[in-house]
Undergrad: 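The structure under discussion is supplied below as structure tokens; questions concerning it will follow.
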Amino acid sequence: MHKILLCEDEENIVSFLRAELEHDGFRVDTAPDGGEAMRLFTENEYDLILLDIMLPVKNGLECLREMRKTSRVPVIILTARKEVYDKVAFLNAGADDYVTKPFDTLELIARIKRNITRRGVAPSQGLHIYKDGYRAVVAGSELKLTKTEFEILLFLYENADRVKTREEIIRAVLGDFYGESNVVDANIKNIRAKIAALTEVEIIQTVRGKGYAVRL
């Protein structure tokens with residue numbers, strides 16, 4: 001069952017949308033303001049975030065920017081504002097989709113399912129990294145990583161879908177003066193073994209002759 005965080009301060013929308021989503025088989029947590037949204041986001045794992053722009057405490061753009069520091073979970077923006085520059089600002093900040101109010105519930109649910117499916121990895125099998133807590137989670141279970149393993153995985157995660165050479169990984173994690181590139185291979189091997197114990201999904205891919213990439 002997919003789990004959604006609905007960040008919305010209009011009670012009538014929350015009540016109606018929660019009922020519709022739960023009827024369609026989703027689990028739903030709700031947050032009436034940006035502070036509560038970030039608390040729930042930090043403490044839980046979600047397959048998708050529905051995020052209103054005009055939230056109290058922290059607005060939607062602030063929340064989105066914080067979320068993107070640690071996670072690539074799909075985010076759909078909900079807003080009554082139709083200005084193009086609003087849409088561009090949120091898409092540039094990392095939003096996956098944008099829905100204006102009033103919206104058709106069936107269309108919104110279709111967009112939710114599309115964005116969850118688009119990730120290419122079943123949400124229960126995916127990788128989530130919580131940078132502030134120094135935690136990496138796969139398939140709902142925490143990876144027991146060394147400091148170097150975590151920092152290598154975090155670097156690849158923050159550059160997901162981009163191939164990084166051994167030299168780039170060394171520079172980012174160990175510093176310019178660390179000369180042994182085989183340390184990257186050894187740590188990647190260990191990380192893969194720990195991931196393989198939790199899921200069959202190949203999260204770290206080797207690109208022959210170039211380096212490594214995290215695929216989400």
Side-chain angles (χ1 to χ4, degrees), residues 2-9 29-79 85-98 112 115-116 118-121 123-164 168-175 187 191 195 203-204 212-216:
H2 297 302
K3 190 173 180 180
I4 291 175
L5 175 58
L6 171 59
C7 311
E8 170 63 63
D9 64 331
D29 286 346
T30 62
D33 60 65
E36 178 67 2
M38 292 311 304
R39 184 188 71 79
L40 289 170
F41 173 78
T42 301
E43 295 178 358
N44 300 277
E45 292 180 52
Y46 295 99
D47 299 311
L48 185 134
I49 312 291
L50 292 173
L51 182 62
D52 185 34
I53 287 183
M54 302 301 292
L55 289 172
V57 184
K58 287 186 178 182
N59 65 44
L61 187 56
E62 291 175 298
C63 290
L64 176 61
R65 284 172 175 161
E66 285 191 36
M67 290 172 179
R68 281 294 175 255
K69 291 178 182 178
T70 58
S71 175
R72 292 173 61 85
V73 62
V75 176
I76 298 179
I77 300 301
L78 302 177
T79 180
Y85 63 81
D86 284 325
K87 182 174 182 179
V88 170
F90 274 87
L91 292 175
N92 285 343
D96 297 272
D97 211 341
Y98 193 99
I112 289 169
N115 276 281
I116 289 175
R118 184 185 286 170
R119 298 189 75 191
V121 176
S124 61
Q125 301 294 307
L127 170 66
H128 302 272
I129 290 186
Y130 304 92
K131 186 175 180 179
D132 292 341
Y134 230 68
R135 297 173 57 235
V137 176
V138 170
S141 297
E142 187 168 348
L143 291 170
K144 303 300 182 183
L145 302 173
T146 67
K147 180 177 182 293
T148 299
E149 289 168 0
F150 178 84
E151 291 180 351
I152 288 174
L153 186 58
L154 174 63
F155 176 67
L156 293 173
Y157 180 86
E158 290 180 333
N159 292 277
D161 299 319
R162 286 181 283 181
V163 179
K164 291 297 175 180
E168 286 176 311
I169 296 170
I170 286 175
R171 240 183 347 259
V173 175
L174 299 169
N187 278 279
I191 296 167
I195 291 174
I203 291 173
I204 301 178
Y212 299 101
V214 158
R215 305 295 189 190
L216 298 179

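Scope of the values below: all heavy atoms of this structure, side chains included, with no hydrogens, waters or symmetry mates. This one's a predicted model, so the numbers in the text were calculated from it and none came from an experiment.
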Undergrad: Taking atom OH of Tyr212 and atom CG of Leu156, what is their separation to the nearest 0.5 Å?
TA: 9.5 Å

Undergrad: Work out which heavy atom in Cys7 is nearest to a heavy atom in Ala37; give both atom names and the distance.
TA: SG-CB, 3.6 Å

Undergrad: Under the salt bridge (Lys or Arg N to Asp or Glu O under 4.0 Å) rule, collect the residues that match up with Asp29, sequence neighbours excluded.
TA: Lys3

Undergrad: Just to verify, what does Lys147 make a salt bridge (Lys or Arg N to Asp or Glu O under 4.0 Å) with, not counting sequence neighbours?
TA: Glu151

Undergrad: Would one find more than 12 heavy atoms of other residues, nucleotides or ligands at under 6.0 Å from atom CZ of Arg65?
TA: no

Undergrad: Any heavy-atom pair between the side chains of Ile191 and Ile152 that's under 4.5 Å?
TA: yes

Undergrad: Please name the pair of heavy atoms, one in Ile116 and one in His2, separated by the smallest distance, quoted to 0.1 Å.
TA: CG2-CE1, 3.8 Å

Undergrad: Please name all residues satisfying salt bridge (Lys or Arg N to Asp or Glu O under 4.0 Å) with Glu142, sequence neighbours left out, ordered by chain then number.
TA: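 Salt bridge (Lys or Arg N to Asp or Glu O under 4.0 Å) check on Glu142 returns Arg135.
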
Undergrad: Atom CD1 of Ile76 and atom CD1 of Ile112: how far apart are they, to the nearest 0.5 Å?
TA: 5.0 Å

Undergrad: Do you know which two heavy atoms are closest between Leu55 and Pro32, and how far apart they sit?
TA: CD2-O, 4.2 Å

Undergrad: Could you check if a side-chain atom of Phe41 sits within less than 4.5 angstrom of a side-chain atom of Cys63, using non-hydrogen atoms only?
TA: no

Undergrad: When rounded to the nearest 0.5 angstrom, what distance separates CG in Leu6 from CG in Leu50?
TA: 5.5 Å

Undergrad: Taking 4.0 angstrom as the limit, do Lys58 and Asp9 come out as a salt bridge?
TA: no

Undergrad: Is any side-chain heavy atom of Ile204 closer than 4.5 Å to a side-chain heavy atom of Leu153?
TA: yes

Undergrad: Answer yes when Lys69 and Glu66 have at least one side-chain N-carboxylate O distance shorter than 4.0 Å, and no when they do not.
TA: no

Undergrad: How long is the gap from CG on Leu51 to OG1 on Thr79, to the nearest 0.5 Å?
TA: 10.0 Å

Undergrad: Below 4.5 Å, heavy atoms only, C-beta onward: do Ile129 and Phe150 meet side chain to side chain?
TA: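 They are in side-chain contact.
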
Undergrad: If you measure from CG on Asn59 to CD1 on Ile53, what distance do you get to the nearest 0.5 Å?
TA: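 With rounding to 0.5 Å, CG (Asn59) is 8.5 Å from CD1 (Ile53).
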
Undergrad: What distance do Phe90 atom CZ and Leu64 atom CG have between them, rounded to the nearest 0.5 Å?
TA: 6.5 Å

Undergrad: Do Tyr46 and Pro74 make a side-chain contact, defined as non-hydrogen atoms from C-beta onward lying under 4.5 Å apart?
TA: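 Side-chain contact under 4.5 Å: no.
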
Undergrad: Could you check whether any side-chain heavy atom of Val75 comes within less than 4.5 Å of a side-chain heavy atom of Arg68, counting everything from C-beta outward?
TA: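 They are in contact (side-chain heavy atoms under 4.5 Å apart), so the answer is yes.
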
